[in-house]
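Only one structure is covered here, and it is reproduced in the block below.
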Amino acid sequence: LFAEAGVQTNGNKRNRVLKIGHGGTLDSAATGVLVVGIGKGTKMLGTMLAGSKKYIAIGMLGKATDTLDATGKVTEEKPYDQVTKGDLENVLQKFTGDIMQVPPLYSALKKDGERLSTLMKRGEAVEAKPARPVRVYSLSLQQFQPPLFTLDVECGGGFYVRSLVNDIGKELSTCATVQELTRTKQGPFTLEEHALQEDKWTIDEIARSLEHCTALLLGEPARKKLKTQHPGETAGSCE
């Protein structure tokens with residue numbers, strides 16, 4: 001691993017410091033792709049992850065929570081029987097393309113150096129951040145079994161799927177919250193091709209995983225950044 005990361009050890013084990021970083025936070029209840037940079041790779045994360053992200057989200061109609069997902073306290077309940085599959089598909093068109101979105105209060109965004117989620121958990125008063133521009137490349141309904149519905153989302157940086165589901169509920173004259181969230185793609189990395197399952201978290205398997213990803217480093221990042229990055233978009237936190 002030290003050799004792959006370009007770390008000079010000089011035979012002194014005490015001086016072996018391996019820098020590790022990740023390319024954007026995931027919600028505590030979410031699963032899926034979280035890209036980790038090791039050694040020199042930490043400096044490449046911003047460029048490598050400048051493209052889009054993909055998510056599979058399962059939402060529930062009729063309930064809203066303070067966190068906008070299943071981990072929070074229920075704050076509102078409304079009937080949803082009137083919502084049809086066609087209604088939901090029509091509403092999704094309003095949330096595709098360049099849109100404005102208000103980030104959730106429970107998020108990794110910061111105020112005075114502390115995450116909003118940390119302040120909320122301490123019971124401190126937190127004002128919602130203003131709406132900001134985000135990009136949704138594609139948004140489709142995969143399944144509809146009321147009250148549950150499954151969305152396939154491809155978006156740019158800074159986008160919150162929890163806010164999307166919450167806004168969809170309001171647009172349908174009811175409410176909705178995220179029940180399950182899985183990130184299936186971040187930049188060129190996908191859950192299917194590149195994720196290292198927990199039962200393979202060994203030195204040998206990690207080293208093999210690094211070799212498998214080497215092909216992604218050969219000139220692709222710069223081109224992807226020029227083609228897919230939206231103005232003001234970064235690889236930073238989102239869901």
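All values below come from the heavy atoms of this structure, side chains included, with hydrogens, waters and symmetry mates left out.
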Quiz item: How close do Thr42 and Gly21 get, heavy atom to heavy atom, and via which atoms?
Solution: CG2-N, 3.5 Å
Self-check item: Residues Asp69 and Thr71: side-chain donor-acceptor under 3.5 angstrom
Solution: yes
Self-check item: Spatial distance of atom CG (Asp167) from atom NZ (Lys94) [nearest 0.5 Å]
Solution: 12.0 Å
Quiz item: Where the side chain of Asp66 meets the backbone of Gly72, is there a donor-acceptor pair that is under 3.5 Å apart?
Solution: no
Self-check item: Closest approach of Gly156 to Phe159 (non-hydrogen atoms, all atoms of both residues)
Solution: O-CB, 3.5 Å
Exercise. Look up atom CZ in Arg132 and atom OH in Tyr160, then write down how far apart they are to the nearest 0.5 Å.
Key: 5.5 Å
Exercise. Would you please test Asp87 and Gln82 for side-chain contact (heavy atoms from CB on, under 4.5 Å) and show each step?
Key: CA-CA 9 Å; Asp87 292 334; Gln82 76 281 7; 5.9 Å; no
Quiz item: Would you say Leu148 and Met60 make side-chain contact, with heavy atoms under 4.5 Å?
Solution: yes
Exercise. Could you give me the CA-CA distance, side-chain angles and deciding distance for Val33 and Lys185, then say whether side-chain contact (heavy atoms from CB on, under 4.5 Å) is met?
Key: CA-CA 6 Å; Val33 178; Lys185 173 182 177 291; 5.8 Å; no
Self-check item: Nearest-0.5 Å distance, CD of residue Gln145 to NZ of residue Lys85
Solution: 10.5 Å
Quiz item: What is the distance from atom OG1 of Thr65 to atom NZ of Lys73, rounded to the nearest 0.5 Å?
Solution: 11.5 Å
Quiz item: In a check of side chain to side chain contact (heavy atoms under 4.5 Å, CB included) between Leu151 and each of Ile56, Val161, Leu164, which one passes?
Solution: Leu164
Quiz item: Do the side chain of Thr182 and the main chain of Thr31 share a donor and acceptor less than 3.5 angstrom apart?
Solution: no
Quiz prompt | Identified side chain to side chain contact (heavy atoms under 4.5 Å, CB included) counterpart of Val83 within the set Leu172, Ile168, Val91 | solution = Leu172
Quiz item: Can you name the closest pair of heavy atoms from Ala131 and Val102 and give their distance?
Solution: CB-CG2, 3.7 Å
Quiz item: Just by distance, with hydrogens left out, do Ser163 and Asn166 show a side-chain donor and acceptor under 3.5 Å apart?
Solution: no
Exercise. Only one of Lys54, Lys53, His194 passes side chain to side chain contact (heavy atoms under 4.5 Å, CB included) with Gln186; say which it is.
Key: Lys53
Quiz prompt | Asp27 side, atom CG; Arg183 side, atom CZ - distance, nearest 0.5 Å | solution = 9.0 Å
Self-check item: Where Phe189 and Val35 come nearest, the two heavy atoms and their spacing
Solution: CD1-CG2, 3.6 Å
Quiz item: Between Val134 and Ile99, is a side-chain contact (heavy atoms from CB on, under 4.5 Å) present by the stated rule, with each step listed?
Solution: CA-CA 6 Å; Val134 292; Ile99 63 173; 3.6 Å; yes
Quiz item: Would Leu49 end up clustered with Leu191 when hydrophobic side chains under 4.5 Å apart are linked, directly or stepwise?
Solution: yes
Self-check item: Nearest-0.5 Å distance, CZ of residue Phe149 to CG of residue Leu141
Solution: 8.5 Å
Quiz item: Should Phe95 and Val136 count as side-chain neighbours, where that means a heavy-atom distance under 4.5 Å?
Solution: no
Exercise. Please answer whether the main-chain N or O of Thr67 pairs with a side-chain N or O of Arg162 as donor and acceptor at a distance below 3.5 Å.
Key: yes
Self-check item: Closest non-hydrogen atom pair, Pro147 against Tyr80
Solution: CB-CZ, 3.6 Å
Quiz prompt | Side-chain touch Leu68/Val178, heavy atoms, less than 4.5 angstrom | solution = no
Practice problem: Write down the atom of Cys175, the atom of Glu76, and the distance for their closest heavy-atom approach. | Solution: SG-O, 3.9 Å
